[in-house]
Protein chains: 2
Amino acid sequence: MNVSQEQVSLTGHPNLFQHFNRIATNKPVDQMYQRTFRLDTEKTLRALYVVGTVLKVNLNRSAPPSSTYFSVKCSPNVQYRITPPPAKSGPIPTPFNGNTVLLLTMDTASEVENDSKLSVMYYGKKTEVLGKAVVHLTAFEISLDVDADRDGQVERNNPNKGSWMWGPNGHGAILLVNCDSEHTCRKSLDSEHAEVTRVSDLKDMSPMVLRTSGPAKLPEGYKLTMHISQGDAECVRVFRTRSTAGMHQTLTENLFYKSFVKDYPLVVGGEDLSKEVPCLWGNAEMNFYVEGLRFPDKDFEGLISINLSMLEPSSQGFPETPIFTDRVVFRVAPWIMTPNTLDPVEVFVCSTTDNDQFLKRMRRLVENSGCKLKICPEDMNRGDRWMQDEIEFGYIDSPHQRFPVVLDSPRDGDLQDFPYDVLLGQDFGYVTRTAYGKEVSSLDSFGNLEVSPPVTVNGKNYPLGRIIIGVAFPTATEGRNMTKVVQDFLWAQKVQEPIALFSDWLLVGHVDEFMTFVPAPDKKGFRLLLASPDASYKLFRGLQNGGHGQAKMFDGLGAEEITVDEILSDEKLKAENNYVQSCIDWNRDVLKRELGLDDDDIIDLPILFRVMENRAVAYYPDMVNMIVLGKNLGIPKPFGPKVDGRCALEAEMTSLMGGLGLSCTYIDDFASYHKLLGEVHCGSNVRREPFSFKWWNLEM
Amino acid sequence: MNVSQEQVSLTGHPNLFQHFNRIATNKPVDQMYQRTFRLDTEKTLRALYVVGTVLKVNLNRSAPPSSTYFSVKCSPNVQYRITPPPAKSGPIPTPFNGNTVLLLTMDTASEVENDSKLSVMYYGKKTEVLGKAVVHLTAFEISLDVDADRDGQVERNNPNKGSWMWGPNGHGAILLVNCDSEHTCRKSLDSEHAEVTRVSDLKDMSPMVLRTSGPAKLPEGYKLTMHISQGDAECVRVFRTRSTAGMHQTLTENLFYKSFVKDYPLVVGGEDLSKEVPCLWGNAEMNFYVEGLRFPDKDFEGLISINLSMLEPSSQGFPETPIFTDRVVFRVAPWIMTPNTLDPVEVFVCSTTDNDQFLKRMRRLVENSGCKLKICPEDMNRGDRWMQDEIEFGYIDSPHQRFPVVLDSPRDGDLQDFPYDVLLGQDFGYVTRTAYGKEVSSLDSFGNLEVSPPVTVNGKNYPLGRIIIGVAFPTATEGRNMTKVVQDFLWAQKVQEPIALFSDWLLVGHVDEFMTFVPAPDKKGFRLLLASPDASYKLFRGLQNGGHGQAKMFDGLGAEEITVDEILSDEKLKAENNYVQSCIDWNRDVLKRELGLDDDDIIDLPILFRVMENRAVAYYPDMVNMIVLGKNLGIPKPFGPKVDGRCALEAEMTSLMGGLGLSCTYIDDFASYHKLLGEVHCGSNVRREPFSFKWWNLEM
């Protein structure tokens, strides 16, 4: 056999060289997915090629012994390049040069099976033909697609879909923990079911689409398999549509026109790490639904990979081998808390035998603030009025779905069934952390879990604010602490990096006993309010100097009454408050450092404490323990000394808040909350609007 | 009382303003450690000041009611600044302006207690004096110091000691897991003892020094406390010197001149999260020794903080409050593997009843290579000859100490006692991972755990190479895998980011059955050697073409003999090796991608496999399963067909390796290893020199 001119004409064709560098994915060839492919001079091979990849053929390897030259011929829709590149003025056919490698690509999917061809001729020294290897090629396009650009649409083959990056210029798809419950009766978390229990549940899952293009029939024996790692399997489930009829319908159409849950079989997740996916060819799309099962935590960063591989059959019953793998990466959305500066939606309080008047005042305040009051009845709260302490409202967010999620405290007081039995529901999620075998303390109540408004600290932005918890002094050899599992959970959410304050100096031990945030029209958009015995003493001394030493605190509350003079002359009270102020000042320094605050960002509220059992409780109703509803503040009525018939503490408070355009409502919680060591904030909870800022746009 | 000229003269003194910005730490004031400090007009206060911090006094807060002006006076060694700054041409005394704050610093430690003074006068509208607050100040220098610049010396108050950064321009101290055993009899890991069992153990710990400077006597009631977090407590222990006599001695002096272990009490670690540290004043140093207890793992990033706080006494028996906290951060050194390109130190093999000849050949090879042969006797190995599989040698490194550490496989064959009983010792560490309740497979043997030489991949440097393990195909619905706890451990070390290959296609299932690395004088400094059935067939076909079709494999091994013609005509063998080549090619593609290799970096070795029970084993001794000792290779003697009296496989191998300047020694392991499904590499293990590159200089 002689070498025909036609056979060698394509070797090193300059136009093809150029073309070769701008194929499908627009990636440089050496960054494309490359697969070693072997030729055979003894039989004609058939090969499946995935558009966007490179077939790499080591020509030496399959060459008959003593081969010294070769030539390459291929169909017009096949491009190739030889490395090391043969000399332009070199002989034809081309001499072998070390590890001569042929890189092959194809531009578009084949119309029919085996419609393209590659052949390589091998020659000995005297251009005698030693062998010929022929391959019939079928090109397919396959792409596992997600919403990697976070616009709510599943785009086609995003080049960044296989990795995850934070920030406005970042990329990577987002997954929600499916922690709500589509069923309102016989309630349970949707993530506890390895099935799609209702079609409405699909909205809580991330859409993923398998797009294919090519001949209607795939060569015999090829398979597609979806697979995940062992570690990811406990964090994610993937379902797919069963019927091919619905394939071109959008998710919305599916939701409205379908209702058979058996139409969404489980693909991977749990025990199933790998499963075959039916191949759909021609120009087809198959919809998948991806469900998160676990929030980020100490042992789970939140990233999940889902892989789709094409398997090539082996002869003689050997296992198939993967010839192409496409990969997408999701990050599980973190649980996000909402600070006082966000608009309130709903206010939750408990009804008890003794708080009618309190509820009346609250209802008026809440309605004036344009939101809803939800009352947890006594048969549910069983006398546990501390709505703040059992739960914390937050939310999870993605480009395709967002809903509130309640974090249930391991406190587990008599209110313990409320979050699961009442709050959990359709598009209302639930998450908890259990302190197995560990003692739970008062510091595990969520009056001890707050969040700051957005701040910038030494140039670092926290557009979602920072979580604040209270613990024992790190220096204490003993002390109460927030349970480690809850702390680990909070830290693992990452987007609101927590700050640990010292709250163990308080008998109840909650940060909301000495601090809160209120919105402000100027500066950083908020003020930090701190309880301040010093401010209180200053105010009382001013009253004394002004001739009001005989004005009474607790006026009208009977046995409690005490004059300004008596308070100022109580040396024990003075010493106690001196200690309290030093504890608050320590926290003040931490908050200034960790939130980047100036003294002008902080307002000291006149509040006194007493020390019982070596720990502090508010002496008179603790005004800082307020409910913040937009510009309306619901403040524990302090029952301070009256000057000209007006409570001096209320006057001071109203004046301080009035400067910020905030309106104060004083609510009498003396008997029903204060005497039980809590106040308005401890007895209420507010679900708020989520941030407009999207967490994935954080620069980390 | 009138305002004297002297009292106000220092207010806003321009020289002091200037001076204020270049104090001790050279940090801007707003980045210094700031502490809120309160004045009292009713009594003279005493305050302790830590050099390098800022005392922040809110002048309004302590001002008597109706105060409108103030003036400040202080000793010459006290600097202060007022914010907002008073107008230069403003009245004297200064009018209050919103939140008037006084920032106070001192340059140097006091000579004697209370040697400095601050006083603030408060005035009413008519400059009438309303009150005077006086504070006596004592300045101390305190610094908890570590080797944050990684030069082996504990420098004084490194400004970066409180954080950790990778890279040559990085910073942060380093901690070793104290996983060796100072006791050779009654052996146990030093980290298992909450005490310093021998003074030589101090070398394995990171030095930490508490440096203080100030008056010989500290004011009554002040304390120093060292404290760590709950999470860190299981990862670290801190000991200190008890005797004050040795305080000015260096660590080395301590090691030589002291021997009483009771001289090193435990400070924190385990159950002890916080402990008082004796205060040493004047110009004193106290030595601490910090011991790591846990390697980085899935739930432990490796970072540890140690805090030292000064506590101020409170009146009336209230708890002390911290007024200053110094913090240092350590990273636990990762376990590092050593690739074949590093110089060998010791070679380990087992003595069995049937491997005398093998041992003789190995001894010669090892001695020629200038290192030591260590033979594990039969009473220890109990017939388990797979020295490669039970252990992996690595090391841990820090600026102050470095030693080898053996990773013990959960394989736990009859060799299982060898690593703990024989290898563990003084300056020879031990670590293992236990697969509690999980089944261990052959893939958990460490023939399935290798490491590449240093590589650069798409611009990313891996100066310590990358770990390589073998697992099942990710697409397989079932298959053997390396145990998760071991994989988690390997990934958590971070500095040699692992690559997972597919090795489950092999009956034994180890990556060392189809790949190894050898040093090379050119290109990347090494070559990847891969077993290649294609290369073998090509060689055999060449022999056939050259008229050597009747040459026999396994010549002299009796019943095994078979001719080249017979091998080439065995269609079943061909099909099996076709499958094997596709498995190796899949791994080849992964290795090229993950190690950034070209085809020129890879050498195909002529090796055939057979398939048994659907999985592959080497047909003739698997030459890639070699021992690499510098430029000397110990290769399983392949017993290939002879041409002119010379084994054609050896000739090919010698020629391929000769091109790299490597010398081949063929070791007959046919009966004693090959027939038992292993070869030279499986039956040996090499402890190598560590990298000269320091892991903390990695750019992460």
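A quick note: this is a predicted structure, and the numbers were derived from the prediction, not measured.
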Worksheet entry | B/N99 versus A/I602, closest heavy-atom pair with distance |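 Closest heavy-atom pair between B/N99 and A/I602: ND2-O, 4.2 Å.
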Item to complete: Locate the shortest heavy-atom distance separating A/G542 from B/P65; write the atom from each residue and the value.
Response: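 Looking at all heavy atoms of both residues, the closest pair is N-CG, 3.5 Å.
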Item to complete: Output the option from B/K538, B/K572, B/K298 having the highest count of non-hydrogen pairs under 4.5 Å with chain A.
Response: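 So the answer, after comparing B/K538, B/K572, B/K298, is B/K538.
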Worksheet entry | Max heavy-atom pair count under 4.5 Å with chain A, selected residue of B/P319, B/G231, B/S314 |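 Result: the option with the highest number of such pairs is B/P319.
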Largest heavy-atom contact set with chain B, pairs under 4.5 Å, which of [options]:
options: A/Y33, A/F37, A/F300; value: A/Y33
options: A/Q581, A/E312, A/K223; value: A/Q581
options: A/D299, A/D599, A/D272; value: A/D599
options: A/Q544, A/R615, A/R593; value: A/R593

Starting at [atom1] of [X], measure out to [atom2] of [Y] and round the result to the nearest 0.5 Å.
X: B/T321; Y: A/I584; atom1: OG1; atom2: CD1; value: 12.5 Å
X: B/D600; Y: A/T83; atom1: CG; atom2: OG1; value: 8.0 Å
X: A/S532; Y: B/R38; atom1: OG; atom2: CZ; value: 8.0 Å
X: B/F473; Y: A/S274; atom1: CZ; atom2: OG; value: 11.5 Å
X: A/D534; Y: B/N60; atom1: CG; atom2: CG; value: 12.0 Å
X: B/Y579; Y: A/E320; atom1: OH; atom2: CD; value: 9.5 Å

Checking [X] against chain B: side chain, backbone, both or neither under 4.5 Å from a heavy atom?
X: A/R541; value: both
X: A/L311; value: side chain
X: A/E42; value: side chain
X: A/S582; value: both
X: A/N307; value: neither
X: A/R35; value: both
X: A/K592; value: side chain
X: A/V611; value: side chain
X: A/E576; value: both
X: A/D604; value: side chain
X: A/E301; value: neither

Discussion item. Using modelled atom types and a 3.5 Å cut-off, is there a donor and acceptor pairing between side-chain atoms of B/D589 and backbone atoms of A/T36?
Written reply: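 Such a contact is found between B/D589 side chain and A/T36 backbone.
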Discussion item. Using the rule given for side-chain contact (heavy atoms from CB on, under 4.5 Å), can you reason through A/N58 versus B/R588, listing the C-alpha separation, both sets of side-chain angles and the distance that settles it, and then say yes or no?
Written reply: CA-CA 12 Å; A/N58 184 322; B/R588 179 192 182 97; 4.0 Å; yes
Item to complete: Give a yes or no on whether a salt bridge exists between B/R61 and A/D585, defined as a side-chain N under 4.0 angstrom from a carboxylate O.
Response: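 The answer is yes: the pair qualifies as a salt bridge.
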